[in-house]
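To start, the structure under review is shown below, and the notes come after it.
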Number of protein chains: 2
Amino acid sequence: MKISTKGRYAVRVMFDLALHNSGECIKVKEIASRQGISEKYLEQIIAVLNKAGYVRSIRGAQGGYRLTRDPEDYTVGMILRLTEGSLAPVACLDGNADECDRSDTCETLEVWKNLYDAINQVVDNVTIADLVTSRKKRLENLDYSI
Amino acid sequence: MKISTKGRYAVRVMFDLALHNSGECIKVKEIASRQGISEKYLEQIIAVLNKAGYVRSIRGAQGGYRLTRDPEDYTVGMILRLTEGSLAPVACLDGNADECDRSDTCETLEVWKNLYDAINQVVDNVTIADLVTSRKKRLENLDYSI
DNA sequence: TTCGTTTCCTACTATTGTAGTAGGATTGTT
DNA sequence: AACAATCCTACTACAATAGTAGGAAACGAA
């Protein structure tokens with residue numbers, strides 16, 4: 001029941017792009033060093049975000065990445081589903097592909113459904129913009145405390 | 001983000017023991033055939049439940065297993081935590097063993113905390129007795145529909 | 001046009017976790 | 001003594017995780 005680094009890093013990449021969005025595009029190298037993640041590994045993760053159209057890439061020198069939408073248009077759920085796959089806690093709840101033959105008399109299925117709903121409820125109600133706001137508030141408080 | 005068979009089977013074992021509790025003890029073989037799970041694999045899973053004192057074993061011929069408490073005293077959460085380990089969606093939230101050094105400025109940690117709470121909320125509020133009740137209700141409805 | 005910077009693409013690897021299988025020792029009943 | 005059950009340990013096949021690695025392609029600037 002763990003979220004893998006792939007999903008977690010993807011969220012942090014999107015957060016980083018939103019936080020440091022100054023009009024210019026941002027290089028993998030910068031994100032990697034700010035977030036303390038391997039460049040090569042980040043490349044792979046950001047490639048997924050790119051293919052899905054969540055970010056736009058510009059190749060060559062002075063290239064990099066940029067968000068394609070406003071930070072409030074990305075939920076954590078979207079990003080996790082993209083990078084992790086389904087967030088369903090059991091396979092039976094994934095696209096009814098291999099629906100178990102006991103599903104009609106399976107009491108536990110109800111529990112997994114509730115769990116699934118609860119998970120979605122959380123991750124679909126936090127946006128990247130929320131994370132940015134939270135960070136900025138924190139920085140403000142630091143200013144005051146000096 | 002999947003619950004493994006170990007955890008899911010463990011819940012079904014407990015459910016099965018509660019549902020077929022007639023005073024006599026229940027053999028792994030019976031549970032395995034009713035639940036469609038490999039006997040040998042079930043042995044290992046039930047051994048964990050046994051060590052934790054969730055069930056009591058009786059060895060030798062006519063032996064088997066029995067719940068040690070009332071079905072309403074077992075939550076699904078207890079059973080999952082025992083067999084799966086922590087239900088925290090990220091390691092940072094496990095026993096602060098290897099707390100990440102970014103934790104004090106990590107915006108995503110807040111999300112994972114909320115997720116963790118939501119997960120616990122669900123699994124700690126369903127007991128084995130609930131599952132049994134649900135099954136019995138279903139059987140009643142079947143009777144009426146005949 | 002050439003150099004350096006950056007993304008892009010594919011392959012590889014080491015480690016761990018999952019989902020069992022297997023075989024026999026031990027314990028108790030008949 | 002035979003049998004039926006739990007108990008215990010080891011083994012295995014497969015997939016996922018978490019990266020590393022190397023170079024090709026694209027682009028900007030000199």
Side-chain angles (χ1 to χ4, degrees), chain A residues 1-13 17 24-33 35-68 80 83-87 89-91 94 98 100, chain B residues 1-13 17 24-33 35-66 68 80 83-87 89-92 94 98 100:
Chain A
M1 276 293 281
K2 287 276 185 287
I3 296 175
S4 73
T5 55
K6 212 167 162 186
R8 287 188 286 123
Y9 290 176
V11 173
R12 282 167 62 187
V13 165
L17 286 172
E24 311 230 311
C25 55
I26 298 169
K27 297 161 207 25
V28 163
K29 194 181 277 192
E30 300 174 42
I31 306 175
S33 90
Q35 298 292 329
I37 301 173
S38 137
E39 270 180 55
K40 280 294 190 180
Y41 192 30
L42 256 196
E43 272 185 13
Q44 293 177 35
I45 291 165
I46 209 165
V48 177
L49 297 168
N50 193 15
K51 251 168 237 156
Y54 286 15
V55 301
R56 226 215 6 250
S57 70
I58 289 147
R59 301 182 66 166
Q62 265 58 32
Y65 294 92
R66 193 178 301 177
L67 295 184
T68 53
L80 289 181
T83 48
E84 294 269 307
S86 160
L87 298 179
V90 296
D94 287 340
D98 46 0
C100 157
Chain B
M1 276 292 280
K2 288 275 184 288
I3 295 175
S4 74
T5 55
K6 212 167 160 187
R8 288 188 285 121
Y9 290 176
V11 173
R12 284 166 60 188
V13 165
L17 286 172
E24 311 232 312
C25 55
I26 298 170
K27 296 159 206 29
V28 162
K29 194 182 275 190
E30 300 174 43
I31 305 175
S33 90
Q35 298 292 328
I37 301 172
S38 137
E39 270 178 57
K40 279 296 191 178
Y41 192 29
L42 256 196
E43 271 185 14
Q44 291 176 38
I45 291 165
I46 210 166
V48 177
L49 297 168
N50 193 14
K51 251 168 237 155
Y54 287 16
V55 300
R56 227 223 355 257
S57 71
I58 289 146
R59 300 184 68 168
Q62 265 55 29
Y65 295 91
R66 193 178 300 179
T68 53
L80 290 181
T83 49
E84 294 269 307
S86 161
L87 298 180
V90 297
C92 329
D94 287 340
D98 46 1
C100 156

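Chain letters run A, B, ... following the sequence lines, proteins first and then strands; every chain starts at 1.
B:T83 and B:A10 get closest at one heavy-atom pair: CG2-CB, 3.5 Å. Smallest separation of non-hydrogen atoms from A:R56 and A:N50: CA-OD1, 4.1 Å. Between A:A32 and A:S38, the shortest heavy-atom contact is CB-C, 4.4 Å.
Side chain of B:S57 to main chain of B:Y65: no donor-acceptor pair is present (N/O by atom type, distance under 3.5 Å, no hydrogens or angles). No donor-acceptor pair closer than 3.5 Å links the side chain of A:E39 to the backbone N or O of A:V28.
The closest side-chain heavy-atom distance from A:I58 to A:R66 is below 4.5 Å. Side-chain contact between A:K2 and B:D94: present, with at least one pair of heavy atoms (C-beta onward) separated by less than 4.5 Å. Contact of the B:M1 side chain with the A:M1 side chain is registered, since non-hydrogen atoms from C-beta on lie closer than 4.5 Å. Taking 4.5 Å as the limit, some side-chain heavy atom of A:R8 sits within range of a side-chain heavy atom of A:T5. The shortest side-chain heavy-atom distance between B:I46 and B:I31 falls under the 4.5 Å cut-off.
Note: CZ (A:R66) to C1' (C:dT6) measures 14 Å, nearest angstrom. Between the P atom of D:dA5 and the OH atom of B:Y65 lies a distance of 12 Å, rounded to the nearest Å. Summarising the geometry, the separation between CG on B:L42 and P on D:dC7 is reported as 13 Å, rounded to the nearest angstrom. Distance CD (B:E39) to P (C:dT21): 11 Å, rounded to an integer number of Å.
Side-chain nitrogen and oxygen atoms of B:Y9 include none within less than 4.0 Å of the OP1 or OP2 phosphate oxygen of C:dA19. OP1 or OP2 of D:dC7 lies within a sub-4.0 Å distance of a side-chain N or O belonging to B:N50.
Scanning residues 24-31 of chain B for heavy-atom distances under 4.0 Å to DNA chain C yields an empty list. Sorted by residue number, the members of residues 52-63 of chain B with any non-hydrogen atom under 4.0 Å from DNA chain C read B:R59, B:G60, B:A61.
The distance from the CD atom of B:E30 to the NZ atom of B:K27 is 5.0 Å, given to the nearest 0.5 Å.
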Taking only nitrogen or oxygen atoms into account, show me every contact under 3.5 Å that the protein makes with nucleotides 9-18 of chain C, one pair per line with its distance.
unit_1, atom_1, unit_2, atom_2, d
C:dC9, N4, A:E43, OE1, 3.4

